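Scroll down for the structure; my scribbles are underneath it.
In this text, all values refer to a predicted model and were calculated from it rather than measured experimentally.
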Amino acid sequence: MKIFRLLNHVARENTYLLVNDQAIIVVDPGSNTDKIKEKITAIDKPVAAILITHAHYDHIMGLDVIRDTFGQPPVYISEKEASWLYSPKDNFSGLDRHTDMDDVILKPAEHHFQYQEDYVLAGFRFQARQTPGHSWGSVSLVFPDDELVITGDALFRETIGRTDLPTGNAVQLLNSIETELFSLPNHFTVYPGHGRETTIAHEKNFNPYFNTL
């Protein structure tokens, strides 16, 4: 599998395209829809699914454009945040501090993540792990065959996601990372929702929230 990181201009959020010999999976389609569409078109494979790590506006702004352009692929999201797709208050696009942007109101998702399931979609195998703390429905996506995890806004290179937003919880986030992410093999690559990739081992050793372990 190949993974491509596309940097979006709103909040410098990362969209990921996962590509195998059959299809593409899109993770967290952000604001730069022209760039995302251009890359998917250049790869020239069908979009098998769109996976959402959490439903803050910067991670979902391009969702309906990508759905409508590429044949309505199914969308997967945490049940706890499914309604946020069409609630500007909950996805934060409708807050007073974002009067410079349109409200993000999207179509519902087709699927809620099942956390005991080993998903196999178009040759991709992955699991969704609950990693709340940045938001209460945040998930991380583990692709064991490819030795990587996409962490959304839970774990970044040498830091963690903010926990001062509604449904955030610092104690919960630290516990999520320790139990659901640091239990992965040390060599697994971490692809975060913002910033550059890292590894599980690097974060255990150099993340200031955890380097006393």
(message) When you compare the side chains of E158 and H202, does any donor N or O come within less than 3.5 Å of an acceptor on the partner?
(response) yes

(message) Side chains of E203 and T198 only: does a donor on one sit below 3.5 Å from an acceptor on the other?
(response) yes

(request) Apply side-chain contact (heavy atoms from CB on, under 4.5 Å) to the pair I66 and I36, showing each step before the final yes or no. (result) CA-CA 8 Å; I66 301 306; I36 297 169; 3.6 Å; yes

(message) Distance alone, cut at 3.5 Å: any donor-acceptor contact between the side chains of R12 and S31?
(response) no

(request) Would you check if Y191 and R5 make a side-chain contact, meaning some heavy-atom pair closer than 4.5 Å? (result) no

(request) Step through it carefully: locate the ring centre of F4, locate the ring centre of Y16, and say whether they are under 6.0 Å apart. (result) no

(message) Could you tell me if the side chain of K204 sits less than 4.5 Å from the side chain of F182, heavy atoms only?
(response) yes

(request) Please round to the nearest 0.5 Å and tell me the distance separating atom CG of D28 and atom CG of L6. (result) 12.0 Å

(message) Test salt bridge (charged side-chain N to carboxylate O under 4.0 Å, His left out) on D68 and K107; report intermediate values, then the result.
(response) CA-CA 11 Å; D68 293 344; K107 293 177 291 187; 2.9 Å; yes

(message) Would you compute the distance between atom CG of L121 and atom NE2 of H111 and round it to the nearest 0.5 angstrom?
(response) 8.0 Å

(message) Measuring from atom CD1 of I3 to atom CZ of F143, what distance do you get when rounded to the nearest 0.5 angstrom?
(response) 7.5 Å

(request) Please test F126 against D146 for side-chain contact (heavy atoms from CB on, under 4.5 Å), starting from the C-alpha separation and ending with a verdict. (result) CA-CA 9 Å; F126 69 94; D146 303 285; over 6 Å; no

(request) Find the distance between CD (Q114) and CD (Q116) and round it off to the nearest 0.5 Å. (result) 7.0 Å

(request) Heavy atoms only: give me the nearest P192-F156 pair and the separation to one decimal. (result) CB-CD2, 3.5 Å

(request) Ignoring hydrogens and angles, state whether a donor on the side chain of H59 or D153 is under 3.5 Å from an acceptor on the partner side chain. (result) yes

(request) Treat each ILVMFWY residue as a node, draw an edge where side-chain heavy atoms are under 4.5 Å apart, and state whether I77 and I105 are in one component. (result) yes

(message) Hydrogens and angles aside, do Q130 and K80 bring a side-chain donor and acceptor to less than 3.5 Å of each other?
(response) no

(request) Considering non-hydrogen atoms only, spot the tightest contact between W136 and T167 and give its length. (result) N-OG1, 3.1 Å

(message) Looking only at side-chain N and O atoms, does N186 offer a donor or acceptor that is under 3.5 Å from a partner on T199?
(response) no

(request) Could you grab the distance from atom CZ of R125 to atom CG of D118, nearest 0.5 Å is fine? (result) 4.5 Å

(request) Taking all non-hydrogen atoms of both residues into account, name the closest pair between T15 and G30 and its distance. (result) OG1-N, 3.0 Å

(message) Would you call the rings of W84 and H56 parallel, tilted or perpendicular, taking 30° and 60° as the class edges?
(response) parallel

(message) Assess, by modelled atom type and distance only, whether the side chains of H54 and E81 contain a donor and an acceptor separated by less than 3.5 Å.
(response) no

(request) Could you tell me if the ring centre of Y119 sits under 6.0 Å from that of Y76? (result) yes

(request) Consider only side-chain heavy atoms of I, L, V, M, F, W and Y, link residues closer than 4.5 Å, and tell whether V27 and M61 are in one cluster. (result) no

(request) Hey, could you give me the CG/CG distance between N91 and D103, rounded to the nearest 0.5 Å? (result) 8.0 Å

(request) Give a yes-or-no answer on whether the side chains of S140 and T151 include a donor-acceptor pair shorter than 3.5 Å. (result) no

